[in-house]
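Comments concern the structure below.
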Amino acid sequence: MPAVDPKQRVSALHEQLNYHNYRYHVLDDPVVSDAEYDALMRELRALEQAHPELITPDSPTQRVGGAATERFAKLRHPVPMLSLGNAFDEAGVYAWRERVARLLGDDAPIAFVVEPKIDGLAIALTYEHGQLVRGATRGDGETGEDVTANLRTIPSIPLALQAPKPENQAPGSDSAGSQPSALGSIPTSIEVRGEVYMRTADFDQLNQRLAAAGEKIAANPRNAAAGSLRQKDPAITASRPLRFFAYAVGPFEGVALHSQWATLQLFRQLGLPVNPDARRFDDFEQALAYSREWMERRDQLAYEVDGIVFKVDSLAQQRELGVVGRDPRWALAYKFPARETTSKLLDISVNVGRTGVITPGAIIEPVNLGGVTVRNASLHNADYIAERDIRIGDYVTVKRAGDVIPYIIGPIVDRRDGSERPWAMPERCPACGTPLERAEGEVAYRCPNFGICPAQLVRRVEHFVSRGAMDIVGIGEKQAQLLVERGLINDLADLYTLTAEPFAGMEGFGEKKIANLLAGIAAAQARPLARLIVGLGIRFVGEVAAQALAAAFGSLDALMQASAEQIDDVEGIGPVVAASVAQFFSLEANRALVHKLKQVGVHTAQHVAVERQGDELAGQSFVITGTLPTLAREQAEQLIKAHGGKVAGSVSKKTSYVVAGEAAGSKLARARELNVPVLDEAGLRALIGAAPTPPADPGQITLDL
Ligand code: IVH
């Protein structure tokens, strides 16, 4: 076999990795598994290490690079980055459209593009000969900051543009009324403008991560995106879940563009992410109808949207209309009604979390916020309250964004009458009276009485029995509270020694309830080690880390003996997690807990590892729901994994199959909604037995329940 030319191989790997990155981050529709992607990436890294001369700036390995900067250089925008005039109701939108029609002459046909107004921050990317050479923030519109190194870390921003091919078009790009697009080659030079943003769920997770690490959290996804992009160290930006949508073109050369719609098409073909909900309309009334539809859907979106942007489609008409001040006459932001209101802060409660973190919460006069009655709102942490000088009795601004818990923005100082009282974090834990501690540099106060404080124990029990952990049915928040309050349990292991007697006569515990509860606990004795590790509630240890730890150490005993360094050596475990695990097991109370768990019969060693038996299900992702006739859920999971498949917890359009049994609920409904094929247990077995990948005729094994 002739030796492969490294240069050729590197270039082939670039192409493949760029393509898979695009499928994953831009189209949200990957065609290879993470493992396959990682293998390609490893191969490229190894080749680059052996041949450093082959490293190019657009190599997929070069996203995070460069040293931290002290300050960002200023960049002047060759063409100013404009802002948008606003309308707050339909009358305002009509008025805008009237003016546009008047200025263009009443007979001119005008087409409109309607796009969601993403709540993030505007940036400009310059591509020269297809290579990303520069990226800047909007700044004041005239001058922004050079954040190229940070923008390069955002996976949905291509380092190199793709040559336009029709099949690169994203789904949903061929809506009615589309015009022929600017097919051809990569523009010699083009400035792509768009929004960097963060999805609501990613934002929540990031805040949880930051809060757990005792760091400052962001007030909303927009601030989180802005803060993440302005990090001095690109490695930090890389760790933040930032995304990008392209929506406008700056100066360009070497391509003909005549409309906004064609611009969006070209962006798609170049491999840039374009919002799939953008639409073009020849008729203004239809455009307005679409914006109404949008208002309704606002909450179902994965990201925050603060309005709808109307744009005149034709670039010639845009030029004709021109700009007043900073606002182009050819575009308009139709703002959604705000999700903000005011209420009175009645009191501040303190809640003790599972790891002892104390969080203050606002109790407010009930108020309607976007159709929901709000009584409680987040205050984040003590610093947040102090920095904003929020006092009990203050009138405060409350905001609700998407599904995020409502939070207090700040006080309305002008409404104070002198009766307001400043608030201070209590000195002692409200549950156990232990003096609170605050670690150096951390925002969070903690109750250090770990493992004993009853409030922490309640939260630990709740966590231990939750679905991602030991999955014990019959115990929820209320039961956990009761068990601890009545002194029936003093630690997690006590759950396994519970008997029926002490429950007798207790409110809410009928005979059947008790039997179910005890059966649920007994059934959860032999959960896989990873779930038990999750259940212990070690800081920073979620499902993924727990799985890595279980696979590497095989038992709680072995994990407990390991040093932070040994834990850090485990693939997929970083130093923060390693230190946290080691710290957890350094506490005598936790070591005693492990010992006791073993004594009461909890399996603290790994089940036999899943042995790979075949590849029939490689690249396919499954969701299991309901009760299967012969396989327990874990067995079904193991079977799928043993044949190369993946098992996920929720149904998305990426799910290959839903395996449904008796009493399947919302997941089955969701599968139908998304047209995901549904199998029963026999169907799953057939998939493995018959081994067609993908099944030659899904109709044969698909069962519509
Ligand atoms: S167009 C006229 N399109 O809104 C060119 N802007 O208030 C102005 N924005 O700074 C930009 N989604 O940060 C445009 N689809 C969209 C947008 C959008 C969000 C933001 C952008 C801009 C601000 C103007």
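Everything numeric in this text was worked out from a predicted model, so none of it was measured. Counting starts at 1 for both ligands and their atoms, in listed order.
- Of all atoms in ligand 1, numbered sequentially from 1 with element shown, those under 4.0 Å from a heavy atom of R138 are 10 (O).
- Atoms of ligand 1 found under 4.0 Å from any heavy atom of L82 (numbered from 1 in listed order, with element): 8 (C).
- With a heavy-atom cut-off of 4.0 Å, V309 touches ligand 1 through its side chain alone.
- Checked options D282, D283, D277; the residue passing with R280 is D282 (criterion: salt bridge (charged side-chain N to carboxylate O under 4.0 Å, His left out)).
- Between Y197 and Y303, the distance from one ring center to the other falls under 6.0 angstrom.
- More than 12 heavy atoms of other residues, nucleotides or ligands sit less than 6.0 Å from atom CZ of R297.
- If you look at W330 next to ligand 1, the close heavy atoms, those under 4.0 Å, all belong to the side chain.
- The protein heavy atom nearest to atom 3 (N) of ligand 1 is K311 NZ, 3.0 Å.
- Which of F245, F310, Y247 comes nearest to atom 11 (C) of ligand 1 through a heavy atom is settled by distance: it is Y247.
- Protein heavy atom closest to atom 13 (O) of ligand 1, with residue, atom name and distance, is E195 OE1, 2.7 Å.
- Among R222, E115, K117, the residue whose heavy atom lies nearest to atom 15 (N) of ligand 1 is E115.
- Of all the atoms in ligand 1, the ones that sit under 4.0 Å from a non-hydrogen atom of P116 are 12 (N), 15 (N).
- Going from atom CD1 of I154 over to atom NE2 of H25 covers 11.5 Å, rounded to the nearest 0.5 Å.
- Nearest non-hydrogen protein atom to atom 19 (C) of ligand 1 is I118 O, 3.3 Å.
- Both tests hold for K654 against Y24: distance to the six-membered ring centre under 6.0 Å, angle to the ring axis within 45°.
- One finds the CD atom of Q162 at 13.0 Å from the CZ atom of R268 (value rounded to the nearest 0.5 Å).
- In this structure, E191 pairs ionically with R193, as a charged nitrogen and a carboxylate oxygen lie closer than 4.0 Å.
- Ring geometry, Y22 versus Y19: the interplanar angle falls from 30° to 60°, so the pair is classed tilted.
- Looking only at protein heavy atoms, the nearest one to atom 2 (C) of ligand 1 is P328 CG, 3.3 Å.
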